[in-house]
Amino acid sequence: MKIIIVDDEMSALHAFLNEVIGERDVEYKFFRDNRAEIEEYVSANRVEAAFLDINMPGINGLELAARLIAIRCDIRIVFITAQKVVAEDLDEVVRKHTIGFVYKPYNKKVLDNYFSLLRHLAPELTVKMFGTFDCFVNGKIVNFSSRKSKELFALLLAYNGKSLTMTDAISQLWPDTPLEKSKKLYRDAVYKLRKVLEGVHFSCVRFGRALLVLNRENITCDFWDFLESGRGDYNGEFLKSYDWSVNYLPALDKLKDELSS
């Protein structure tokens, strides 16, 4: 679990560190009042929760929460404050992402309860690529709004962590389409993919300019498991609905033969 803590007081950050240092599955990063640095980090990393001081000289914690939610749709917020604040004081969007408040000085039992809740709430994406392609978030199937947005996500997963450029995506998903039209189709598929992921509250793609980058955290994929450890039910079929998937079959067949011998 990856979290950030934002507080302008060094003594408060040290106190928080003393409480979380024993949490072996918690990866944490501290920030003071550099909003641009915070937003850049959350954009590039799968941060599951942000513990935010509300009153800071350089940053308003409530405004920062709204910005982080816009960047990462599945982030959870815990506000840190020395004052009495309740959920009704928050705007609707921030309130939906807020799981509670921590009042200074820190109480280890309270923090432990929030860590337990965050572990319970953490979404898991399960991906099936052998045979036909389907995705599930916490066991519930992901319904894509368009065939091409689903195929684009399949291609990104097949890249296995490598960046997918618009040029590569177009060459494989729209190989016979005029360039200007294919660019429009690509942008439409990207937009719809972003909306699907926001809808299931699983932020795993960084959408850059003509570039998609996948964050593999909290994703289980039969294709990845087979490549990395030989586990999985590969029977000669891989993303069989997509023409470009045949390029992966020789390597998969070779690996299957090696594992069988």
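Values below: every heavy atom of this structure, side chains too, minus hydrogens, waters and symmetry copies.
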Could you go through Arg187 and Lys183, starting from their C-alpha distance and side-chain angles, then the distance that decides it, and tell me whether this counts as side chain to side chain contact (heavy atoms under 4.5 Å, CB included)? CA-CA 6 Å; Arg187 295 188 187 105; Lys183 286 182 178 179; 3.8 Å; yes
Decide yes or no on side chain to side chain contact (heavy atoms under 4.5 Å, CB included) for Phe30 and Ile4, but give the supporting numbers first. CA-CA 6 Å; Phe30 295 116; Ile4 63 168; over 6 Å; no
When you look at Asn160 and Arg216, which way does the side-chain hydrogen bond (donor to acceptor under 3.5 Å, both in side chains) test go after all the steps? CA-CA 8 Å; Asn160 197 8; Arg216 290 184 30 153; 2.4 Å; yes
Under the side chain to side chain contact (heavy atoms under 4.5 Å, CB included) criterion, do Met10 and Arg32 qualify, and how do the steps go? CA-CA 8 Å; Met10 285 302 301; Arg32 295 186 70 184; 3.6 Å; yes
Checking Val102 against Leu111 for the side chain to side chain contact (heavy atoms under 4.5 Å, CB included) test, could you report, in this order, the C-alpha distance in whole Å, the side-chain angles of both residues, the deciding distance, and whether it holds? CA-CA 8 Å; Val102 172; Leu111 289 176; 4.0 Å; yes
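For CD of Glu228, the number of neighbouring non-hydrogen atoms (other residues, nucleotides, ligands) closer than 6.0 Å is greater than 12. No more than 12 heavy atoms of other residues, nucleotides or ligands sit less than 6.0 Å from atom OH of Tyr191. Within a 6.0 Å radius of CZ in Arg147, other residues, nucleotides and ligands contribute 12 heavy atoms or fewer. Residue Asn247 qualifies as enclosed at atom CG: its count of foreign heavy atoms under 6.0 Å is above 12. In the displayed structure, Asp134 atom CG is contacted under 6.0 Å by more than 12 heavy atoms of other residues, nucleotides or ligands.
Cation-pi geometry between Lys29 and Tyr41 is satisfied (NZ or CZ under 6.0 Å from the ring centre, within 45° of the ring normal). Stacking of Lys162 on the aromatic ring of Tyr159 is recorded, both the 6.0 Å distance cut-off and the 45° axial limit being met. For the pair Lys184 and Tyr186, the cation does not sit on the ring face, since its NZ or CZ is not both under 6.0 Å from the ring centre and inside 45° of the axis.
In this pair, Phe144 and Phe153 present their aromatic rings tilted. The plane angle is within the 30 to 60° band. Taking the six-membered ring where tryptophan is involved, the planes of Phe130 and Tyr234 are tilted, since the angle between them lies from 30° to 60°. In this structure, His201 and His97 have perpendicular ring planes: the angle between them is above 60°, well past the 30° mark. A tilted orientation is assigned to the rings of Phe238 and Tyr248, their planes being inclined by 30° to 60°.
Of the charged side-chain nitrogens involved, at least one lies within less than 4.0 Å of a carboxylate oxygen, so that Arg35 and Glu39 count as a salt-bridged pair. By the 4.0 Å N-to-carboxylate-O rule, Arg95 lies too far from Glu92 to be salt-bridged with it. Here Lys2 pairs with Glu217 in a salt bridge; the nearest charged N to carboxylate O distance falls below 4.0 Å. Using a cut-off of 4.0 Å between Lys/Arg side-chain N and Asp/Glu carboxylate O, Asp74 and Arg46 are scored as salt-bridged. Ion pairing of Asp188 with Lys192 is present here, as a side-chain N (NZ or NE/NH1/NH2) and a carboxylate O approach within less than 4.0 Å.
The structure places CD of Glu48 at 7.5 Å from CG of Leu118, a figure rounded to the nearest 0.5 Å. Distance SG/Cys204 to CD1/Ile219: 4.5 Å, rounded to 0.5 Å. Taking CG from Asn113 and CG from Leu117, the interatomic distance works out to 9.0 Å, rounded to the nearest 0.5 Å. Of the inter-residue distances, the one linking Ser171 atom OG with Trp244 atom CH2 reads 11.0 Å to the nearest 0.5 angstrom. Note that the CG atom of Asn138 and the OG1 atom of Thr126 stand 8.0 Å from one another [nearest 0.5 Å]. Here CG of Asn143 is found 8.0 Å from NZ of Lys140. Values are rounded to the nearest 0.5 Å.
In this structure, the side chain of Ser149 does not engage the main chain of Leu193 through any donor-acceptor pair within 3.5 Å. The backbone N or O of Met56 lies less than 3.5 Å from no partner atom in the side chain of Asp53, so there is not a single donor-acceptor pair. In this structure a side-chain-to-backbone donor-acceptor pair under 3.5 Å is missing from Trp174 to Leu179. In this structure, Asn45 contributes its side chain and Val47 its backbone to no donor-acceptor pair below 3.5 Å. Between the Lys150 side chain and the Phe133 main chain, a donor and an acceptor come within less than 3.5 Å of each other. Judged purely by atom type and a 3.5 angstrom limit, Arg72 uses its side chain to pair as donor or acceptor with the backbone of Val42.
Residues Leu227 and Val246 share a hydrophobic cluster, clusters being chains of Ile/Leu/Val/Met/Phe/Trp/Tyr side chains in contact below 4.5 Å. In this structure, Phe136 is not a member of the same hydrophobic cluster as Val200, with clusters built from ILVMFWY side-chain heavy atoms closer than 4.5 Å. Grouping the Ile, Leu, Val, Met, Phe, Trp and Tyr side chains by contacts below 4.5 angstrom, directly or via other members, places Val213 apart from Met166. By the criterion of side-chain heavy atoms lying less than 4.5 angstrom apart, applied directly or through intervening Ile, Leu, Val, Met, Phe, Trp or Tyr residues, Tyr242 is grouped together with Phe226 in one hydrophobic cluster. Grouping the Ile, Leu, Val, Met, Phe, Trp and Tyr side chains by contacts below 4.5 angstrom, directly or via other members, places Leu259 with Met129.
Side-chain contact between Asp7 and Phe51 is absent, with no heavy-atom pair separated by less than 4.5 Å. By the 4.5 Å heavy-atom criterion applied to side chains, Asp8 and Asn55 are not counted as neighbours. Between Leu152 and Leu212 the shortest side-chain heavy-atom distance falls below 4.5 Å. Within the 4.5 Å cutoff, side-chain heavy atoms of Val94 are placed close to those of Phe79. Proximity of Lys240 to Thr132: side-chain heavy atoms (C-beta onward) are separated by under 4.5 Å at one or more points. By the 4.5 Å heavy-atom criterion applied to side chains, Leu68 and Leu64 are counted as neighbours. Side-chain contact between Glu27 and Ile3 is absent, with no heavy atoms from C-beta onward closer than 4.5 Å. You'll find the side chain of Leu156 reaches within 4.5 Å of the side chain of Val205, heavy atoms only.
Tested against Leu52 for a side-chain contact (heavy atoms from CB on, under 4.5 Å), the candidates Val6, Ile5, Val78 yield a single pass: Val6.
For the residue pair Gly236 and Leu249, the shortest heavy atom distance occurs at O-CD2, 3.8 Å. Heavy atoms only, all atoms of each residue included: Leu157 and Trp224 are closest at O-NE1, 3.1 Å. When all heavy atoms are compared, the tightest approach of Ser182 to Thr177 is N-CG2, 3.8 Å.
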